[in-house]
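Just dropping this structure here.
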Amino acid sequence: EGAGGLHKFMNRPNGPIITDSGGFQVFSLAYGSVQESLKVEEEIKRAKARNNDNSKSRSQHAQNSVKVTEEGVHFRSYRDGRKILLTPESTVQLQKSYGADIIIPLDELPTYYIDRQRLKESVER
């Protein structure tokens with residue numbers, strides 16, 4: 001807003017501008033990069049094969065650092081540790097305030113090794 005909206009800031013008076021909610025960035029806070037997430041899955045598989053009781057420790061840490069609820073996603077700022085809640089409504093409102101023409105609502109990007117029930121809940125949300 002302080003820069004006059006995205007169109008003025010980007011010196012793009014004509015043509016649509018698309019913005020995103022940040023769902024992938026929230027995923028990154030919990031699981032790191034997609035490559036790191038895949039490494040975690042491999043670690044879990046190897047630990048389960050060895051019958052290691054700590055096989056889900058990194059996965060559980062990721063789940064604890066970012067919590068997805070019906071309300072939205074709760075996480076802590078990587079800068080100052082303050083608690084943040086992103087809701088579908090707040091992300092759309094923010095994108096509107098930027099002057100976006102095409103708005104992507106808040107979405108959840110679950111890990112590829114999510115269990116079937118949690119995946120179903122994510123899709124239904």
Side-chain angles (χ1 to χ4, degrees):
E1 291 176 336
L6 288 173
H7 289 278
K8 185 175 180 183
F9 178 76
M10 296 173 63
N11 194 23
R12 185 181 174 155
N14 302 314
I17 296 176
I18 187 171
T19 57
D20 185 57
S21 66
F24 184 80
Q25 288 74 15
V26 172
F27 167 88
S28 297
L29 287 172
Y31 300 100
S33 69
V34 172
Q35 181 180 3
E36 289 169 342
S37 177
L38 294 174
K39 286 181 185 177
V40 168
E41 172 59 9
E42 287 303 314
E43 290 173 16
I44 291 170
K45 285 180 182 177
R46 282 192 298 272
K48 282 182 179 178
R50 292 187 311 263
N51 292 322
N52 184 338
D53 290 337
N54 296 323
S55 64
K56 292 188 179 181
S57 61
R58 277 186 72 184
S59 176
Q60 288 170 343
H61 169 72
Q63 292 170 10
N64 292 335
S65 63
V66 174
K67 183 176 181 181
V68 178
T69 67
E70 290 300 318
E71 184 180 19
V73 60
H74 303 261
F75 62 97
R76 289 193 176 272
S77 167
Y78 70 92
R79 290 181 158 177
D80 60 13
R82 69 184 163 91
K83 292 180 182 179
I84 298 173
L85 168 63
L86 285 182
T87 67
E89 296 82 7
S90 69
T91 59
V92 168
Q93 182 180 18
L94 186 61
Q95 292 175 78
K96 282 183 177 182
S97 76
Y98 294 157
D101 301 297
I102 303 168
I103 295 172
I104 306 299
L106 184 62
D107 54 337
E108 180 182 3
L109 178 63
T111 62
Y112 100 96
Y113 55 85
I114 191 170
D115 66 69
R116 188 172 198 78
Q117 181 58 38
R118 289 189 53 221
L119 181 59
K120 182 179 176 186
E121 292 168 2
S122 175
V123 170
E124 290 173 352
R125 209 176 356 264

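All values reported here derive from a predicted model rather than from experimental measurement. In this chain, residues are counted from 1 in sequence order.
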Test side chain to side chain contact (heavy atoms under 4.5 Å, CB included) applied to T91 and E89, Q95, Q93, the passing residue
Q95
Within 6.0 angstrom of N11 CG, more than 12 heavy atoms from elsewhere:
no
Nearest heavy-atom pair of D20 and G23: which atoms, and what distance?
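Taking every non-hydrogen atom into account, OD2-N, 4.2 Å.
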Distance-minimising heavy-atom pair for P88 and G72
CD-CA, 4.5 Å
Closest heavy-atom pair and its distance - P105, S21
O-OG, 3.2 Å
Say whether V66 and I84 are linked into one hydrophobic cluster, either directly or through other cluster members, by side-chain heavy-atom distances under 4.5 angstrom.
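Yes; I84 is reachable from V66 via cluster members.
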Residue pair T87, L106: steps toward the side-chain contact (heavy atoms from CB on, under 4.5 Å) verdict
CA-CA 7 Å; T87 67; L106 184 62; 5.6 Å; no
Least distance between heavy atoms, G15 atom then D101 atom:
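In this case the closest contact between G15 and D101 is O-OD2, 3.7 Å.
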Nearest 0.5 Å, please: how far is CD1 in I17 from CZ in R12?
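Separation between the atoms: 6.0 Å.
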Do the non-hydrogen side-chain atoms of V68 and E121 ever get within less than 4.5 Å of each other?
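A side-chain contact is absent here, since even the closest heavy-atom pair is not under 4.5 Å.
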Do you reckon F75 sits in the same ILVMFWY cluster as L85, going by side-chain contacts under 4.5 Å, direct or chained?
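Not linked; separate clusters.
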If you group Ile, Leu, Val, Met, Phe, Trp and Tyr whenever their side-chain heavy atoms sit less than 4.5 Å apart, what else falls in with I103?
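Listed partners: V92.
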Give, for atom NZ of K83 and atom CZ of R76, the distance between the pair rounded to the nearest 0.5 Å.
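Reported value, rounded in 0.5 Å steps: 5.0 Å.
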N14: what forms a side-chain contact (heavy atoms from CB on, under 4.5 Å) with it, not counting sequence neighbours?
none
